[in-house]
Amino acid sequence: MNEETRFMTRALQLAEKGLYTTTPNPRVGCVIVRDGRVVEGWHERAGEAHAEAMALEKAGRDAKGATVYVTLEPCSHEGRTPPCAQALVSAGVERVVAAMQDPNPLVAGAGLQRLRNAGIGVECGVMETEARELNIGYVSRMTRGRPWMRVKIAAGLDGKTALENGESQWITSPQARRDAHRWRARSCAIMTGIGTLTHDDPRLNVREVETTRQPLRVVVDSRLRMPDNARIIDGGRLIVATASDNETKINKFAERGVEVLVLPNGQGKVDLGKVAAELAERGINEVLVEAGINLHSALLCAGAVDELLLYFAPKLLGDRGRGMFDLGPLNDMDEVLALNVSDLRRIGPDMRLLARLETAIGQN
């Protein structure tokens, strides 16, 4: 491993420390190196010091003439914190190595150009794939105007997610459920449908892992049938997306702190594309969907699904069990949904599979 890869690997490890906390900002890590001294920093949460600022403060005068390794192009605009590109110029660093350009239109190369204009050596693209993966939701929001949507499903080896009567607790092991809570914790929002809500009455919060931030919860409820006593109502921030314009119900939920978005499509259902766009406007980078076959299938048909997070338990639920998706009648293998498996590992007695639809970011 060469020096650039070694220090960028460390910067990515630092960025990952903000996995659960940086939203809506990207996860960023920074390593400053000069004459054998190594100083580190990372961004923890929005409104607080960026990774470069944290590392520069630690480095002090030693930043002059140093090489800086950062996982994302230093910002060049005034936000809640001063621009990092100018801070690097003022510190007198000699060289900046960035993993990737910031897709934010407010930056988009301007930060790197400011460094070049100041006579600082700049290199961009070192471990870009890894950096992009760490901030896949941020990239999606900035380039497509919608969050990265990940559908989580627990099933038996026959692909069934519940028994015929809807019973599904618990298909997978405590280890798999704990792992799923890690994915909840990194997500900006968790989405479910009215069917799952009325059957399981989930709280949809993070409980199995330590976190300082609970994700936004989103319920897709076309006819605004959510019960008044649903546990999800009193559990924190909640948005209900509906096609109903029933003002009495809307006002009743609003009094309890529930935000209701009326987003109908032409068929009396919720326009899921508009839901995704609304979430992006609210700074939502990653959405974890935990629902049933109806919402899963509707999201697929709307082209809103990017990734599947599948937990397979060593169990068979039988032919009459409920499936993952309703893809309609398929009569040709060319019609099947193709996936790219990016990760497969054992979690306790279960298997976890991470797969993406073959359509890449920017092509939907």
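In this text, all values refer to a predicted model and were calculated from it rather than measured experimentally.
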Is Arg141 close enough and on-axis enough to Trp148, meaning under 6.0 Å and within 45°, for cation-pi?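 Cation-pi check for Arg141 and Trp148: fails.
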[X] side chain to [Y] side chain, donor-acceptor N/O pair below 3.5 angstrom:
| X | Y | answer |
| --- | --- | --- |
| Asn251 | Glu255 | no |
| Arg184 | Thr211 | no |
| Asp350 | Ser173 | yes |
| Thr22 | Asn25 | no |
| Gln13 | Arg10 | yes |

Mind checking whether Leu261 and Val289 sit in one hydrophobic cluster, side chains of I, L, V, M, F, W, Y counted as touching below 4.5 Å?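 The answer is yes; both residues are in one hydrophobic cluster.
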Counting distance only, does the side-chain N/O of Lys249 pair as donor-acceptor with the main-chain N or O of Leu224 below 3.5 Å?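 Between the backbone of Leu224 and the side chain of Lys249 there is a qualifying donor-acceptor contact (under 3.5 Å).
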If you round to the nearest 0.5 Å, how far is [atom2] of [Y] from [atom1] of [X]?
| X | Y | atom1 | atom2 | answer |
| --- | --- | --- | --- | --- |
| Leu14 | Tyr69 | CG | OH | 14.0 Å |
| Leu134 | Leu72 | CG | CG | 10.0 Å |
| Ile190 | Asn205 | CD1 | CG | 7.5 Å |
| Arg95 | Arg34 | CZ | CZ | 16.0 Å |

What are the two closest non-hydrogen atoms of Ala230 and Leu197, and how far apart are they?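 Answer, listing the atom of Ala230 first, then Leu197: CB-CD2, 4.0 Å.
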Does the pair [X]/[Y] count as a salt bridge with the N-to-O cut at 4.0 Å?
| X | Y | result |
| --- | --- | --- |
| Arg256 | Asp234 | yes |
| Lys17 | Glu44 | no |
| Arg356 | Glu133 | yes |
| Glu278 | Lys274 | no |
| Arg177 | Asp179 | no |
| Asp228 | Lys252 | yes |
| Arg150 | Glu290 | no |

Could you check whether atom [atom1] of [X] has more than 12 heavy atoms from other residues, nucleotides or ligands sitting under 6.0 Å from it?
| X | atom1 | answer |
| --- | --- | --- |
| Arg231 | CZ | yes |
| Glu247 | CD | no |
| Gln113 | CD | yes |
| Arg320 | CZ | no |

Look at the aromatic rings of His50 and His43 and report parallel, tilted or perpendicular, splitting at 30° and 60°.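 Answer is perpendicular, since the angle exceeds 60°.
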